[in-house]
Amino acid sequence: MDNLPILILLGSLGIIITIYLWITGKKTHKEEQTDNGFDYITIFKISFTVISLIYLFRLIMMFFTGVLSGFYLLSVVGAIIAFLPLIAMSFVRYNKKIKLKV
Amino acid sequence: MFFVELGQEFGATSDFQYLFIITITIVWLSLVIYSLKKEGIRKTTRYFLPMMIAALFIEASAVANGRFRYPGYLIYFNVLGGSVPFIILIGWSSNLYLFLQMSKSVVTKLYQKINIIQLLLISTFSGIFGICLDLLEDPLAHHNNWWIWTESTGGLTFFSVPFSNFMDWFIILFFMSLATIFIEKSGYSENRKLILAFTSLTLVFAAIYLSHTVLTEAFQFIGVI
């Protein structure tokens, strides 16, 4: 471990600077559920659509790679498990009983 | 201590490696563009760059310890005696952003108070969602030689991928998500948050390695690893 002294130095510096910044920091704003002029519901809907589509794209590409490489059992089992986060997202998105407080 | 290497056998180990590289590149670019539009440059840097640095050190130490290796890529970064492909680093940064946004989307509807419980729930869901995708991706990667597991696995495996891999995915995503949203909700100025995102990596590394060691010992004790 030739790099150990440098790593210890960098690590110690990181911890000291983090603690200093955290202690001396002043809160400049309170976290609110609005951003960029949009209301929170609009952001939630846009975010849901974009993120779901990107995740779905990745999942489909992985599934087809699995099928193309002849790994059929894994492709099916893995794709079902990997689909669960999307089901969870859709459940909270479309469940009428879950209301978002704004 | 740190240098860039060019691989000599790009794409030679697998027919489907280019599909993996294309997928990760498209996903990363889409997420970065989306984040830049929605969050701006400083938040985007805070979401993506610290995770790339964290992934570099974590993956390089695992490669140096002989857990796995990455053959057939073009650009490698070498630290701590282990080489990690650039595409893996951007893959990890897109993992963090993707799973953090997904878990936020679920948790903020189920638990709406902004407090430590919400932050812990978001981080936990982020880790679980990461494992859900990795249960498909990691065995596929091992099967197609995108990366090769070389450590001896005496315990539980999922399509030849050791259980410890999924445990580590959860630990990394949990602590990186926690650090990211903890800084995000701090209420400090954006410049301070940006510096904190980098300096706090030391504490995040410590938490990841400590959790990895403790959980590995615990799972070895019950015979899972």
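So you know, we letter chains A, B, ... as the sequences are listed, proteins then strands, and number each from 1. What's counted below: heavy atoms across the whole structure, side chains too, no hydrogens, waters or symmetry copies.
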Revision key, fill the gap. Between the CE atom in B:Met102 and the CZ atom in A:Phe48, the distance rounded to the nearest 0.5 Å is 9.0 Å

Check your understanding: Who among B:Ile195, B:Ile22, B:Leu135, B:Leu133 has the most heavy-atom pairs with chain A under 4.5 Å?
Key -> B:Leu133

**Study point:** Euclidean distance, A:Leu84 CG relative to B:Ile131 CD1, rounded to 0.5 Å
**Key:** 12.5 Å

Check your understanding: If you measure from OG1 on A:Thr65 to CD on B:Gln17, what distance do you get to the nearest 0.5 Å?
Key -> 12.0 Å

Review point. Who pairs with B:Thr180 by side-chain hydrogen bond (donor to acceptor under 3.5 Å, both in side chains), at least two apart in sequence or on another chain?
Key: none

Review point. Of the non-hydrogen atoms in B:Ser186 and A:Trp22, which two are nearest, and what is the gap between them?
Key: CB-CH2, 3.7 Å

Point to revise | From CD1 (A:Ile17) to OG (B:Ser200), nearest 0.5 Å | key: 11.5 Å

Practice item. Could you check if a side-chain atom of B:Tyr34 sits within less than 4.5 angstrom of a side-chain atom of A:Ser47, using non-hydrogen atoms only? Key: yes

**Study point:** Closest non-hydrogen atom pair between B:His143 and A:Ser69, with its separation
**Key:** NE2-O, 3.4 Å

Review point. Which heavy atom of B:Ser105 sits nearest a heavy atom of A:Val92, and at what distance?
Key: O-CG2, 3.8 Å

Point to revise | Main-chain N/O of A:Arg58 paired with B:Thr23 side-chain donor or acceptor, under 3.5 Å | key: no

Check your understanding: Hey, mind stepping through A:Ile51 and B:Tyr97 against side-chain contact (heavy atoms from CB on, under 4.5 Å) and telling me if it holds?
Key -> CA-CA 10 Å; A:Ile51 296 296; B:Tyr97 188 76; 4.3 Å; yes

Practice item. Under the side-chain hydrogen bond (donor to acceptor under 3.5 Å, both in side chains) rule, collect the residues that match up with B:Asn165, sequence neighbours excluded. Key: B:Asp134, B:Asp138

Practice item. Could you look at B:Phe182 and say if it's the side chain, the backbone, both or neither that has a heavy atom under 4.5 Å from chain A? Key: both

Check your understanding: Hey, does B:Phe57 have a side-chain heavy atom less than 4.5 Å from the side chain of A:Leu7?
Key -> yes

Check your understanding: Using non-hydrogen atoms only, which part of A:Thr24 is less than 4.5 Å away from chain B: side chain, backbone, both, or neither?
Key -> both

**Study point:** A:Ile54 versus B:Leu31, closest heavy-atom pair with distance
**Key:** CD1-CD2, 3.5 Å

Point to revise | Heavy-atom proximity to chain A below 4.5 Å, by part of B:Phe198 | key: neither

Check your understanding: Where do B:Cys132 and A:Ile81 come nearest, in terms of heavy atoms and distance?
Key -> CB-O, 3.6 Å

Revision key, fill the gap. Under 4.5 Å to a heavy atom of chain A? For B:Phe99 that would be side chain

Review point. Is the gap between the ring centers of B:Phe129 and A:Tyr55 under 6.0 Å?
Key: no

Check your understanding: Which distance, rounded to the nearest 0.5 Å, do you find between the CG of B:Leu140 and the CG of A:Leu68?
Key -> 10.0 Å

**Study point:** Which of A:Ala88, A:Gly14, A:Pro85 touches chain B most, by non-hydrogen pairs under 4.5 Å
**Key:** A:Pro85

Practice item. Taking all non-hydrogen atoms of both residues into account, name the closest pair between B:Trp146 and A:Met62 and its distance. Key: CZ3-SD, 4.2 Å

**Study point:** Side chain, backbone, both or neither of B:Phe158 within contact of chain A (heavy atoms, under 4.5 Å)
**Key:** side chain

Point to revise | Atom pair OG1/CD1 of B:Thr202 and A:Ile8 - distance to nearest 0.5 Å | key: 12.5 Å

Review point. So A:Tyr20 and B:Thr199, side-chain contact (heavy atoms from CB on, under 4.5 Å) or not? Walk me through it.
Key: CA-CA 10 Å; A:Tyr20 173 77; B:Thr199 57; over 6 Å; no

